[in-house]
Protein chains: 2
Amino acid sequence: MTIRVLLADDQALVRGALATLLDLEPDMTVVGEVGRGDEVVAAAQEHRPDVVLLDVEMPGLDGIGATAALHEVLPDVRVLIVTTFGRPGYLRRALQSGASGFVVKDTPARQLAEAVRRVHSGLRVVDPALAADSLAGGDSPLTARETEVLRAARQGGSVADIARAVSLSEGTVRNHLSSAIGKTMARNRADAVRVAEESGWL
Amino acid sequence: MTIRVLLADDQALVRGALATLLDLEPDMTVVGEVGRGDEVVAAAQEHRPDVVLLDVEMPGLDGIGATAALHEVLPDVRVLIVTTFGRPGYLRRALQSGASGFVVKDTPARQLAEAVRRVHSGLRVVDPALAADSLAGGDSPLTARETEVLRAARQGGSVADIARAVSLSEGTVRNHLSSAIGKTMARNRADAVRVAEESGWL
DNA sequence: TGCACCGGCTGACAAACGTCATGGGTATGC
DNA sequence: GCATACCCATGACGTTTGTCAGCCGGTGCA
């Protein structure tokens, strides 16, 4: 019995390469390819795959959101997340969304097919090095408002700009920023944004 | 006569997938794979490839630097740059470094082999959409020092930190930053970093 | 009923930041 | 020779930022 695989990656070159790689395996067939996150569910309904390979960074809807949407419509489909950078926060959120596996693109190509097989058989596949980082990174210490304000601060505007974006007073924004800076152990607003982004808290 | 190809990409999964993809072509052989930019020259000297496929983002030495180093030691080797994002500045710098082609990872997988063939036969391969952006983005208006200071500002440190990193006085750093902010039409140091990064000036 | 916590706001203040004027040094080009 | 541009530095300035204290309202919990 062959494993039916659906591929979702925004980089056509990578997507095609992975497709040929997996199609060479005797027990697998790539039944579909999409380049956008919001096309995943429709493609899955059409092609009925056993395993879906999802990139985290995609236009329309990111891998996390696509996993959640997929898990709701087709609960039996296994999801294997493949991503470029091993952001600790991604792993946690991906597993919470219902993903069965998490593989970084640094892993050898031969292990990908094996990961697909494991996921298909119901096992969880998690990059060991990444799992350690995930525990170290932990849950976000930021409150909802702090994350929102910090997210708005990414564009590099002034406090007044941020206040306008989130509809708060400037003083409140400064307080939230100060709190976020303290929690991330950063020295700056910009530094806090950097730290929070790298920890997957935004 | 088969085309000998050397692959350089830090993502093992992508690298392996591209290798199988190109190895399927009857007129190509992948003679080597490396995951770091500073291993490219040594691998090229050992395996004598006709074409080297280089990713821009690599540890040790980036694709631009690797191209320059390669061009100096082995001038006959053709270089085809493959990158994730089509930053306008990359294209310009890559061609200046001696690259023969520039392909973004959004291009269909089938066109990659064709691009390799064209580069091998002495033609230049440039993504059309990217070429337009490159002209729009234009040359960096920043001076050497301004770029250096702005690069040091990416970590999110204070002026004192930056001054220590680049061995300048704090006042001078502020002047360079102010100039860079003006040239990028940003409102902030953080904003200037963002703009310069997106324009490929760092 | 208290207590702790989060959200929101204000006011104040020291530190950091961005800007400007000014000076001198060097290399490039007409 | 002279203009131009870049680099380095200093001092001064007004603004922005980060921090702190205090106050109020709402929520969840012992």
Side-chain angles (χ1 to χ4, degrees), chain A residues 89 92-93 96 137-202, chain B residues 89 92-93 96 137-202:
Chain A
R92 188 172 21 80
R93 286 195 291 164
Q96 282 173 356
D139 260 348
S140 172
L142 304 173
T143 67
R145 274 301 189 193
E146 284 161 3
T147 12
E148 190 183 356
V149 169
L150 216 52
R151 230 190 298 251
R154 274 192 295 193
Q155 277 100 34
S158 66
V159 172
D161 295 328
I162 302 172
R164 219 174 301 118
V166 298
S167 301
L168 288 177
S169 95
E170 299 189 14
T172 306
V173 168
R174 281 216 296 265
N175 286 336
H176 283 305
L177 283 176
S178 180
S179 170
I181 290 170
K183 286 179 180 175
T184 54
M185 290 181 297
R187 289 161 301 181
N188 263 341
R189 169 191 334 189
D191 202 12
V193 168
R194 201 177 50 79
V195 171
E197 253 181 349
E198 288 178 359
S199 303
W201 296 337
L202 294 189
Chain B
R92 189 173 19 80
R93 287 194 292 163
Q96 282 173 356
D139 260 348
S140 171
L142 304 173
T143 68
R145 275 301 189 192
E146 285 160 3
T147 0
E148 191 184 354
V149 169
L150 218 52
R151 229 190 298 251
R154 274 191 294 193
Q155 276 99 35
S158 65
V159 172
D161 295 328
I162 302 172
R164 220 173 301 118
V166 298
S167 302
L168 287 177
S169 94
E170 299 188 15
T172 307
V173 168
R174 281 216 294 266
N175 286 336
H176 284 305
L177 283 175
S178 181
S179 171
I181 290 169
K183 287 179 180 175
T184 53
M185 289 181 298
R187 288 161 304 180
N188 264 341
R189 169 191 334 189
D191 203 13
V193 168
R194 201 177 51 79
V195 171
E197 253 180 350
E198 288 177 359
S199 303
W201 296 338
L202 295 190

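Values below: every heavy atom of this structure, side chains too, minus hydrogens, waters and symmetry copies. Letters A, B, ... are given to chains in the order of the sequence lines, protein chains preceding strands, and every chain is numbered from 1.
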Exercise for the section: Measure from the side chain of A:S158, starting at C-beta and using heavy atoms only, and say which of D:dT19, D:dT17, D:dA9 lies closest. Expected result: D:dT17

Exercise for the section: Please determine if B:E148 and B:R145 form a salt bridge, counting it only when a charged side-chain N lies under 4.0 Å from a carboxylate O. Expected result: yes

Rounded to whole angstrom units, what separation is found between the [atom1] atom of [X] and the [atom2] atom of [N]?
X	N	atom1	atom2	value
A:E170	D:dT15	CD	P	14 Å
A:I181	D:dC20	CD1	P	11 Å
A:I162	D:dT17	CD1	C1'	11 Å
B:R189	D:dT15	CZ	C1'	14 Å
B:L168	D:dA9	CG	C1'	10 Å
A:L150	D:dG18	CG	C1'	14 Å
A:R174	D:dT16	CZ	C1'	8 Å

Problem - N or O in side chain of A:S178 less than 4.0 angstrom from D:dT19 OP1/OP2 - result: yes

Problem - Side-chain N,O (B:T172) to OP1/OP2 (D:dC7) below 4.0 Å - result: no

Practice task
Using a 4.0 Å heavy-atom cut-off across all strands, classify A:R145 as base, sugar-phosphate, or nothing.
Solution key: sugar-phosphate

Exercise for the section: Describe the nucleic acid contact of B:A144 in one word from base, sugar-phosphate, nothing, applying a heavy-atom distance below 4.0 Å. Expected result: sugar-phosphate

Practice task
Identify the two heavy atoms, one from A:N188 and one from B:S158, that lie closest to each other, and give their separation to 0.1 Å.
Solution key: ND2-N, 4.3 Å

Problem - Closest approach of B:E170 to B:A160 (non-hydrogen atoms, all atoms of both residues) - result: OE2-CB, 3.6 Å

Exercise for the section: May I ask you to test the B:V149-B:R189 pair for a side-chain heavy-atom distance under 4.5 Å? Expected result: no

Handout entry: Range on DNA chain C touched by chain B, heavy atoms, distance below 4.0 Å
Key = C:dC17 to C:dC20

Practice task
Classify the side chain of B:N175 versus the base of D:dC8 as yes if they form a donor-acceptor pair under 3.5 Å and no if they do not.
Solution key: no

Practice task
Indicate, yes or no, whether a donor-acceptor pair under 3.5 Å links the base of D:dT16 to the side chain of B:N188.
Solution key: no

Practice task
Assign each of A:R187 and B:K183 to its nearest nucleotide of DNA chain D by heavy atoms, then name whichever residue's nucleotide is nearer the 5' end.
Solution key: B:K183

Exercise for the section: Examine the side chains of B:S178 and B:N175 and answer whether a donor and an acceptor come within less than 3.5 Å of each other. Expected result: no

